[in-house]
Amino acid sequence: MKEYNFFLGCIAPNRYPGIEASAVKTSRKFDIELRDFKGASCCPAPGAFGSMDVNAWLALGARNICLSEKEGKDIALICNGCYKSLFEANHRLKADPAMREKVNSILANIDYEFQGSVEVRHLIDILYNDVGTEKVKESVEVPLTGVNVAIHYGCHLLKPKFDRTFGSSERPRFFDELVEALGATSIDYKEKMMCCGAGGGVRSYKMDLALDIANEKLYNMTQAGADVIVDVCPFCHLQLDRGQVEIKEKFGDVYDLPVLHYNQLLGLAQGMNPDELGLDAHEISVEPLLAKIM
Amino acid sequence: MDEEKRIGVFICHCGTNIAGVIDVKELAEYAKTLPNVAHAEDYTYVCSTPGQTMIKDRIKEHNLNGTVVAACSPRLHEPTFRKATEEGGVNQFLFSMANIREQDTWVHMEEPEKALQKAKDVVRMEVARASMLEPLTPKTVPVEKAALVIGAGIAGIQASLELADAGIKTYLVEKEPSIGGMMSRLDKTFPTLDCSQCILTPKMVDVERNPNIELMTYSEVDDISGYIGNFDVTIREKSRYVYEDKCNGCGKCQEVCPVSRPNEFDLGLQPRKAAYVPFPQAVPLKFTIDMDSCIKCDLCKGQEACGDLEAIDFDKPDKLTTVKVGTIIVATGFDMYDVERKEEWGYKVFDNVVTGIEFERLIGASGPTGGNVVRPSDGQKPKSVGFVLCAGSRDQDEEDGAKPYCSRVCCMYSLKHAHQLIEKIPGCVPYLFYMDIRSFGKAYEEFYYRIQNEGGKFIRGRVARITEDPVTKNLTITAEDTLLGTPLEMEVDLVVLANAVVPAESTQKLKTLLTLSNSPDGWLLEAHPKLNPMSTTTDGVFLAGMCQGPRDIPDVVAHAAAAAAAASIPIHKGSVTLEPIYAIVDQEHCGGCATCIGVCPYGATELNEVDGKLVASVNEAKCKGCGTCGSACPSGAIKMQHFTNEQIMSEIEAFAQGW
Amino acid sequence: MASEGMRDPKHYQLGKTQFDPDLIKEVVALGGKNAQMCYQCGTCTASCPMGQRSGLRVRTVMRKANLGMREVLDDPDLWLCTTCYTCSDRCPRRIMATDAIIALRNIATREKKVPMSMIKIMGAISKTGHGVPNNEANMKNRVKVGLPENPPTTHTYPEYIKDINKILEVTGLLKIREEMEAESQ
Amino acid sequence: MAEEFEPNILGILCNWCTYAGADLAGTSRTQYPPNVRVIRIMCTGRLDPAFVLKALSVGADGVLVSGCHVGDCHYLAGNFKSRRRVALLRKLIEEYGYDRERLRMTFISASEGAIWAEVVQDMVNTIKKLGPNPLKQVGAAGPEGVVADDEF
């Protein structure tokens, strides 16, 4: 059994606990234990914090990594924003001695030192590259046959490609393969790789413009006949789920398109019941989807 | 050797290049204090005629028996000063050169004091070396009155015709079944709009007819050994499974052949048979059977096909030929950048995104559509066509295999394509997405005006992405009009990617065979980028056309003619003088251990029995003077002339006297 | 801003525009890799999801940064980038345009030109360790799916928060926040 | 040695690749530290181990051998052979009490002037860390009379 320190971030534990719960439960089926990560904080939010001070952003990210280094555990996470903060901090501080020195001089004030002794992995990367689509397929009890999934990769999982391991960000396939492994269909839709609009602090700075981007995506997904949106980022998740309510208020456009994090979809396919996956906590009702599956 | 050494040292100012950084007077004064130095002085330009005369005069005045010039790099002016020394009556190999420009004043400009110290050290080292140098006599070898040209695109064709017309027997080797290369795929040529085939075909025919040219198509160079004047070349003529002498090009075998596969010549846009010629004007007009796809149905051998001609033989083997040539011209051309790797443009994902060279076949009269430009998706005539310039050129993204350089042809051929569309399809509007239009050649900028006048639309912005409407198969180009400062989304019927030219894969093997180098961009490296772009660092080997770097047709032809002229010089002289820089064996000390036999890459060292004992000897004709044997010989019996242990050791000792 | 520029001999007058040759160096130093190499092809602007619905023009931002037009720091559109990095992935000069924008935002922050919305997020982290803290409703939802009311983060172990604030303090962010909050009163 | 220690490095370069590359650094005016004195040989294959030992014994602080990239040798494989020799020599000089970092072999083509400048800079930094040739260090025991004390 492989153990990871489970880095939660903010939105999953504090807005969509179902994402947190489903990640832990579904991973156990693959002998992966996501253990409590004591004392972790916000990653911190790359858009907001990086924008104010990159060194503070790196230092706060490094603080989280150091906590895990002390326990000698690799980090697993389920949020693209956290992935940007922690993966890049880890990767850059390992690669660039000067930057490492600078950040460690900041950490010295709290008697921490970045060692570069652990890895930071996104759970979707672990599922695809370590577990593999075959094992994922084997774990399916309720095949999601006939479900049209509009996949949203999210930006910080793939980009910048020079600072990632997934290759070109134009036409990735691995997420699609993981969804298809559950029996569902990954549908192509216009501007599939487009941002959800929330990042960079824009959702809090200019909500209307952030929602305008989400609106375009939601429209394209609906046009392509999506039954559900599936993401791997609680912040994109919030933008696309709660965003639909806000879009309804602000622009009057209605989609009622259910939004699931991949681990929640995986949970359904593994036969877990919707409540233990926290689906009832979503703004947009998941019922139409459940009806289609059951 | 025993006479007292009297060395003259000449310090060059090179204008301000050297004198502007270090105190040349002080350097000259310092030189005078060195052992064996009989005379030292500085002069503005030692390489000038008065400078060289100065060397000759001083040799006589001071009765010098060795010279050192401290100036630029020996790779630039060593020959000049050797000549001056020789003319002054001193053996040219008693000259040595101190590089105080390229490797001193130009790279230590901010530290004149340290640069001066370095200059003193270098001069001291060269004086020490000069004191140990020995007189040598250059050896002269005859030159084979024949040349080899590798690659029969327009570059190789031009070079071969020039050589042949100069009365030189020329072997022209082409790996494809026909000569003509990339130019034979083009429809028109910019800016004159000459029909490419019309101007190329006559030359192709000349090649076939010229008695001095021995054409070897469907052939590749297997091996090359020897040196300038005397290269031994092994050529593999791949079997066509057709006897060239019997085949009359009637094409009946092609008619009956049931196999169909994409024609490489048309980039797969139309099919060919297993028995085929790549295109109608092929030279030679001999059929080739592609055994990879042949199903051996024997129809082509039947009476209603080849029949009594009996030109076809499925068992015909490859043929190896060895030829001797004096000089070699490499004209292996280029490949097109694999633009599929730029996923944002959707090449090979979207039907109606084609490359520039594919467009040439689409609009060429001899092409799959007989010259009617139509959309691959539905055969409809496009009413609006987007051109993506710099598709893989001027792009630093190595991950995508893109190239940082300008490909020098894409702007102009895209302008040409725009013109052809306007001419052929009334109402069709070409939109050229560009960063800069580089119309640098004769009548090129005027051609740009012309296309603008004809209605071509120019949008200054690089294409960020192309998307396809799954239903209409129309394409949407996303780019910023940087002059308006507005992002655009423009729907067009067809997109042409003007993809970059890249070094040819097939050149790599030759590069090794001929010990050539390449520049960082991957193209073959010339001897001098400005003054000798057609020669290489391997004597007797020359470059023609794109293999050395991106060029358009007029430049390729000029380059090829230049290469041919350069390659014909040694042949017409009939002999070349080789540096006497070869190893010799002191058979007294040789223990016959044969270590040198193992290390010599040219098999120049051999063991012979000399009065009862086995001793090594060096074949000076084969030896190229690398000195590897000299450093390997355990008994120090091998002497690497002009780079002897004594000479190098004396430099090292002099080096140590600097502190 | 302008007057500051005028006092600095490095700044020279070109019409009414202040050019500061050091701005681009600052941007590169703060992570805007290759920003000085921009050749203005517009791939970034065209790749930008925000550019199509707002005044944000990445190419123009890069242009101003390269010329050293410090007024780019006062441009409210500077804060419209969602940091999706599409421009950076497609840039033929391998410029990290997104990181260049982030660098400019860093410089603007030092000059207290950062939107209050960002400062608020900092406030939340400084208080709770989370940019988006837990709440009553969510606690119930956590229990429903079998999780404790609070995650095992700084919410359960507030003793870790002091380290976070120490980092905010030594990097000068705390001071900026205090001053800006005071001014906004 | 009151002022900062400036290493004396002997460069042994092949004519076709690295020497040409060093020339290119010049024509492109790429600035680098003036600590290297160059001996030009036709091919690094000519490198006699004695050259390196001699250089160190007369007090060179470092020796930088540089030739063509593997596969690019003007004489097919000379650089190969010298690469092996240098590898052995690095072990050997350690026996004599020299840090192996004092001997380095690099492969720099005729078009890599900028890389030549970087290599020199890097070599100089390395040697500065190591300090002067042990023979030159005060009180260091070394073969007598190799270099007289008054020479530094």
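Naming convention: chains lettered A, B, ... in sequence-line order (proteins, then strands); numbering from 1 in each chain.
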So which residue, [options], ends up with the most heavy-atom pairs under 4.5 Å with chain C?
| options | result |
| --- | --- |
| A/Ser51, A/Cys195, A/Cys42 | A/Ser51 |
| A/Lys161, A/Lys206, A/Met52 | A/Met52 |
| A/Asp36, A/Leu209, A/Asp275 | A/Leu209 |
| A/Ser169, A/Ala281, A/Ala21, A/Pro13 | A/Pro13 |
| A/Met193, A/Glu276, A/Lys38 | A/Lys38 |
| A/Gly278, A/Cys155, A/Ser168, A/Gly199 | A/Gly199 |

Distance-only donor-acceptor check, side chains [X] and [Y], under 3.5 Å:
| X | Y | answer |
| --- | --- | --- |
| C/Asn141 | A/Tyr16 | no |
| A/Asp231 | A/His237 | yes |
| C/Ser88 | C/Thr98 | yes |
| C/Thr156 | C/Asn150 | no |
| C/Thr153 | C/His130 | yes |

Any donor-acceptor pair under 3.5 Å linking the side chain of A/Tyr205 with the backbone of C/Pro115? no
Any sub-3.5 Å donor-acceptor pair from A/Thr26's side-chain atoms to A/Ser22's backbone N or O? yes
Residue [X] versus chain C: region with a heavy atom under 4.5 Å:
| X | value |
| --- | --- |
| A/Asp163 | neither |
| A/Glu170 | side chain |
| A/Arg63 | side chain |
| A/Tyr112 | side chain |
| A/Ile213 | both |
| A/Leu277 | backbone |
| A/Phe49 | side chain |

For the CG atom of A/Leu34 and the CG atom of A/Leu8, what is their distance to the nearest 0.5 Å? 9.5 Å
Chain A contacts, top residue of [options] (heavy-atom pairs, under 4.5 Å):
| options | value |
| --- | --- |
| C/Gln52, C/Arg94, C/Met50 | C/Arg94 |
| C/Ser47, C/Gly31, C/Pro151 | C/Pro151 |
| C/Asn106, C/Thr86, C/Leu173 | C/Asn106 |
| C/Pro152, C/Gly146, C/Gly129 | C/Pro152 |
| C/Ile167, C/Thr171, C/Ile102 | C/Ile167 |
| C/Pro158, C/Pro133, C/Pro49 | C/Pro133 |

Given a strict heavy-atom distance threshold of 4.5 Å, which part of [X] is in contact with chain A: side chain, backbone, both, or neither?
| X | answer |
| --- | --- |
| C/Ile164 | both |
| C/Leu147 | side chain |
| C/Leu30 | both |
| C/Leu168 | side chain |
| C/Arg90 | side chain |
| C/Met139 | neither |

Within a 6.0 Å radius of atom [atom1] on [X], are there more than 12 heavy atoms belonging to other residues, nucleotides or ligands?
| X | atom1 | answer |
| --- | --- | --- |
| C/Lys175 | NZ | no |
| C/Tyr39 | OH | yes |
| A/Glu101 | CD | no |

Can you name the residues that form a salt bridge (Lys or Arg N to Asp or Glu O under 4.0 Å) with A/Glu88, not counting sequence neighbours? A/Lys84, A/Arg92, A/Arg164
State, yes or no, whether a side-chain contact exists between A/Asp253 and A/Leu218 at a heavy-atom distance under 4.5 Å. no
Would you please classify the geometry between the C/Tyr160 ring and the C/Tyr157 ring as parallel, tilted or perpendicular, with 30° and 60° separating the classes? perpendicular
Could you go step by step and tell me if A/Gln264 and A/His282 meet the side-chain hydrogen bond (donor to acceptor under 3.5 Å, both in side chains) rule? CA-CA 12 Å; A/Gln264 295 175 304; A/His282 292 194; 3.1 Å; yes
